[in-house]
Amino acid sequence: RDTIRPIYECLDVRIVESAKYYKQLSKYLEFFPKDQFYLVDFARMKTDINGVMNEISDFLGLPEYDYDTSYIHNLKSSAVGQSFKGYRLLRSVLRTFRVTPLIPQKAKDMVRLGLGKFGGKKIDREKHTLSEEQKRYVAKQLKEDLYKLEKEFGFKNNNWKIFNYV
C-alpha cells in the first residue's frame, strides 16, 4: 500500500542547509570582521553585471577597470551536455595536455552543446520544481536564517521569491 510521506522526507536536507547563508557566513566571523564581507544578490549580477563588478572593485580598493561582460559563462537553465561521457573524456584529455586554457570558452561551449545533443542530460523542469507545499516548508526552514542575514550583514533579501511563502 502506498503511503504519503511527510514533505520534509521528500526534500534533501543538504539543499535546505546549503541555502542558509547566514549560518554559512557566520562561521567566518570568527576569522574576519564584517566589513571584509561583500554580499551580492545574484539577481543583480544578471541585470547589472557592470555595476556589480564596479562595486566589487571599489570594495576591494582596485582601480576602475572596463570588464568584458559581453559573454557570460555558464548562463543556462539546463544541463544539456554536462553528463555526456564523450565530452568529459575529451575535456580530460585536453586538460592532460594543458591546452584547455588555449581554447576560447565560446568554442568549448559549442562543443559541449553539440555533443550534448547525443547523450547529454536534459532537465525536465516539471520534475524538478517544488510544489507549493514544499515551497512553504522550505520558506519556514529558511525564514530565521534569512532574517539573521539581513540583521547581521545588512543584506536586503526581501525581494526573494521565498518570502512569498513565509
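Computation of the quantities below employed the complete heavy-atom set of this structure, encompassing side-chain atoms and omitting hydrogens, waters and symmetry-equivalent molecules.
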*Neighbour count >12 (heavy atoms, 6.0 Å) for atom CG, D66*: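 Check fails, neighbour count at 12 or below.
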
*Answer yes or no: does atom CD of Q36 have more than 12 heavy-atom neighbours from other residues, nucleotides or ligands under 6.0 Å?*
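Yes, CD of Q36 has more than 12 neighbouring heavy atoms, counting only those of other groups under 6.0 Å.
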
Which distance, rounded to the nearest 0.5 Å, do you find between the [atom1] of [X] and the [atom2] of [Y]?
X    : Y    : atom1 : atom2 : value
K20  : Q141 : NZ    : CD    : 6.0 Å
L142 : E17  : CG    : CD    : 8.5 Å
F153 : L25  : CZ    : CG    : 5.0 Å
F32  : K27  : CZ    : NZ    : 14.5 Å
D58  : Y38  : CG    : OH    : 8.0 Å
Y22  : L29  : OH    : CG    : 6.5 Å

*Locate the shortest heavy-atom distance separating K23 from D145; write the atom from each residue and the value.*
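Heavy atoms only, the tightest pair is N-OD1, 2.9 Å.
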
*E30: what forms a side chain to side chain contact (heavy atoms under 4.5 Å, CB included) with it, not counting sequence neighbours?*
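None.
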
*Has the side chain of Q24 got a donor or acceptor atom that lies under 3.5 Å from a matching backbone atom of S18?*
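Here the side-chain-to-backbone pair exists.
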
*asked:* Checking R44 now: which residues fulfil salt bridge (charged side-chain N to carboxylate O under 4.0 Å, His left out) with it, not counting sequence neighbours?
replied: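 D48, E55.
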
*Do NZ/NE/NH1/NH2 and the carboxylate oxygens of R136 and E133 come within less than 4.0 Å?*
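So R136 does not pair with E133 through a salt bridge.
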
_Quick test of your reading: applying salt bridge (Lys or Arg N to Asp or Glu O under 4.0 Å), list the pairs with at least one residue in residues 150-160, sequence neighbours left out, ordered by first then second residue._
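Qualifying pairs, neighbours excluded: K34-E152, E150-K156.
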
*With side-chain contact (heavy atoms from CB on, under 4.5 Å) as the test, would you mind laying out the steps for F155 and D41 before giving the verdict?*
CA-CA 9 Å; F155 185 76; D41 190 336; 3.9 Å; yes

